[in-house]
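Some notes on the structure that comes next.
The sequence lines fix the lettering, A, B, ..., with proteins before strands; numbering per chain opens at 1.
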Number of protein chains: 2
Amino acid sequence: MKVRNNISNSGQVQVPTPTLRRLPGYLSYFKALKIGGVEQVSSGQIASVFKMDSTLVTKDLSYTGVKGRTKVGYNVEQLIETIVRFLDFNTRENAFLFGVGNLGRALINYQGLQHYGLNIVAGFDTDPGVINTQIRGVKIHALDDFRDLSIKTPARIGIITTPDGSAQEVADLAVAWGIKAIWNFTPQSIKVPENIIVENTSIYSDLAVILNKLNH
Amino acid sequence: MKVRNNISNSGQVQVPTPTLRRLPGYLSYFKALKIGGVEQVSSGQIASVFKMDSTLVTKDLSYTGVKGRTKVGYNVEQLIETIVRFLDFNTRENAFLFGVGNLGRALINYQGLQHYGLNIVAGFDTDPGVINTQIRGVKIHALDDFRDLSIKTPARIGIITTPDGSAQEVADLAVAWGIKAIWNFTPQSIKVPENIIVENTSIYSDLAVILNKLNH
DNA sequence: AATAAGATGTGAAATATATAACAACATAAT
DNA sequence: ATTATGTTGTTATATATTTCACATCTTATT
């Protein structure tokens, strides 16, 4: 008999990916509540904002270990702290960014990522026009300097925002020099060794869903 | 007894959202194959590239109506055409973009969207510095001009790339003047009437998944 | 004090999605 | 021609996720 029950090998509860993907949305809402001076919030309120079932909210939150009080709801401050810690948004994780085009530049400029634990420590490109420039204090290097820099300032995450055609090439390089997880913003599918994590952020998937909802 | 069986009211088969989200990925791969001169591809090949079960690939493709040939596989050209039509990437859908910051600019510059059926016809902002400028032929207007423009050149999709705080305000305006679907790139949750479609593109969700995989 | 009402939290049921099993078939090899 | 093999496509099973039902608890009201 196979037992899974959301328990992984290490004995930790395996969080469903859909839950993991919803938590940052809640978090943003809770932060807005805090700014508005709200101290308590119920699963019903949350559910109505996100148009979902309130018990699903409860279940999602229960994974983080936060405790609510009957008839009162959850403490906003506590929700924020617990979720931030649960998602590792409080730890500082270094990342390299490959491909400083419009999207790459947008990501570096996006202060949000820093507040969510992601520290882009350097950018890389092949265009002499951007090499040695700085964006918000992040220096852009020639791709050839990657090896040296990855020794000096190691990073586990590589963000790929190159033109589609270069994605695989850059990914190979990144993996060769110690990147453990690749965040791929190109639509290109990337082949990596078994132990390397790849997360694809596909704008086109979202577009497909929108168009489908609009037309059907 | 409730019957769902993936059959919607209109009698059409309801496509699972996960399938819908995977199809653009396949499409990109098929386009690359075509450029490489490959004419046939099997579900097994596709599955190995995307590290998934081959029957799931078959199922996904079957929704689009494309037919493969036993022992041969699918015709690449045919796959591309069928998926493009299935996802409505061949129709031209107008969109307004609100908030011409780094991300907004990146999206307008991103030719990809045009090739996937999305036509950003105008940008809006409140910053006098960008109003009346042009990005790749897309004119940026004052937010106040939105009403007039939405009458002249109607669009069904509104893309929100404003600072978080303005998202709701802009969404209200967009809905008031006829936008049917909102593509929200801010982490802010947005309240809209029942009949309006909202699709949230949350970078933080992807980040949460990456960090979770890295650390657990 | 007792009762009512509104909330969390949990275990069971229902639904959705993915995997497995296999039949049907087309091509290549013998 | 016949057999072997690889591949599609479909039905059945397993797993994952969401919803439902309800017990429990906390506060407010009578």
Side-chain angles (χ1 to χ4, degrees), chain A residues 1-9 12-23 25-26 30 38-76 78-79 82-83 205 208-209 212, chain B residues 1-8 13-23 25-26 30 38-76 78-79 82-83 205 208-209 212:
Chain A
M1 182 177 66
K2 217 187 245 173
V3 178
R4 189 78 70 84
N5 285 340
N6 278 343
I7 311 271
S8 74
N9 298 341
Q12 281 182 317
V13 176
Q14 189 76 23
V15 186
T17 307
T19 295
L20 221 43
R21 300 190 64 88
R22 281 189 294 266
L23 284 171
Y26 301 147
F30 299 149
V38 179
E39 292 184 1
Q40 301 288 336
V41 64
S42 75
S43 63
Q45 281 177 265
I46 302 166
S48 87
V49 168
F50 290 94
K51 297 212 177 104
M52 54 194 292
D53 198 288
S54 70
T55 55
L56 183 51
V57 173
T58 308
K59 279 233 167 98
D60 283 344
L61 294 180
S62 77
Y63 281 105
T64 70
V66 76
K67 294 290 172 199
R69 287 177 63 201
T70 302
K71 182 90 180 192
V72 172
Y74 299 87
N75 178 273
V76 171
Q78 210 169 305
L79 279 169
T82 310
I83 295 176
S205 294
V209 174
N212 184 265
Chain B
M1 183 177 63
K2 219 188 241 175
V3 178
R4 189 76 73 85
N5 283 340
N6 276 345
I7 311 272
S8 73
V13 176
Q14 189 77 21
V15 187
T17 307
T19 295
L20 221 44
R21 299 189 64 88
R22 282 188 294 265
L23 283 171
Y26 300 147
F30 299 149
V38 180
E39 292 184 1
Q40 302 288 335
V41 64
S42 74
S43 63
Q45 281 177 263
I46 303 166
S48 87
V49 169
F50 290 93
K51 296 213 176 104
M52 54 194 292
D53 198 288
S54 70
T55 55
L56 184 51
V57 172
T58 308
K59 273 226 172 108
D60 284 344
L61 295 180
S62 77
Y63 281 106
T64 69
V66 74
K67 292 291 173 196
R69 287 176 62 202
T70 301
K71 182 87 182 188
V72 173
Y74 299 87
N75 178 273
V76 171
Q78 210 169 304
L79 279 170
T82 311
I83 295 176
S205 294
V209 174
N212 185 265

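Residues that satisfy the side chain to side chain contact (heavy atoms under 4.5 Å, CB included) test with A/Glu39, not counting sequence neighbours, are absent from this structure. Under the rule for a salt bridge (charged side-chain N to carboxylate O under 4.0 Å, His left out), the partners of A/Arg22 that lie at least two apart in sequence or sit in another chain are A/Asp60. Residues passing the side chain to side chain donor-acceptor pair (under 3.5 Å) test with B/Ser205 are B/Ser202, sequence neighbours excluded. Applying the side chain to side chain donor-acceptor pair (under 3.5 Å) test to A/Thr82 and every residue at least two apart in sequence or in another chain returns nothing.
Atom CE of A/Met52 and atom P of D/dT18 are 7 Å apart (whole Å). Atom CG of B/Asp60 and atom P of C/dT19 are 10 Å apart (whole Å). Straight-line distance from the CD1 atom of A/Ile46 to the P atom of C/dA7: 12 Å, rounded to whole Å. When rounded to the nearest whole Å, the span between CG of A/Asp53 and C1' of D/dT19 equals 5 Å. Atom C1' of nucleotide D/dA16 and atom CG of B/Leu56 are separated by 14 Å, given to the nearest angstrom. Whole-Å rounding puts the B/Gln14 CD to C/dT17 P distance at 9 Å. Nucleotide D/dT10 holds its C1' atom 12 Å from the OH atom of B/Tyr63, rounded to whole Å.
For B/Lys59 and C/dT19, a side-chain-to-base donor-acceptor distance below 3.5 Å is present, hydrogens and geometry of angles not being considered.
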N/O donor to acceptor pairs below 3.5 angstrom from side-chain atoms of residues 43-52 of chain A, sequence neighbours left out:
| from | atom 1 | to | atom 2 | distance (Å) |
| --- | --- | --- | --- | --- |
| A/Gln45 | OE1 | A/Ser42 | N | 3.0 |
| A/Ser48 | OG | A/Gln45 | O | 3.1 |
| A/Lys51 | NZ | B/Val192 | O | 3.4 |

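For D/dT18, the OP1/OP2 oxygens have a side-chain nitrogen or oxygen of A/Arg22 closer than 4.0 Å.
Residues A/Tyr26 and A/Val57 form a side-chain contact, since some pair of their non-hydrogen atoms from C-beta on lies under 4.5 Å apart.
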Distances for protein N/O vs nucleotides 7-9 of chain D N/O pairs under 3.5 angstrom?
| from | atom 1 | to | atom 2 | distance (Å) |
| --- | --- | --- | --- | --- |
| D/dT7 | O4' | B/Lys71 | N | 3.3 |
| D/dT8 | OP1 | B/Ser43 | N | 2.8 |
| D/dT8 | OP2 | B/Ser43 | OG | 2.4 |
| D/dT8 | O3' | B/Gly68 | O | 3.4 |
| D/dG9 | OP1 | B/Gly68 | N | 3.1 |
| D/dG9 | OP1 | B/Gly68 | O | 3.2 |
| D/dG9 | OP2 | B/Tyr74 | OH | 3.0 |

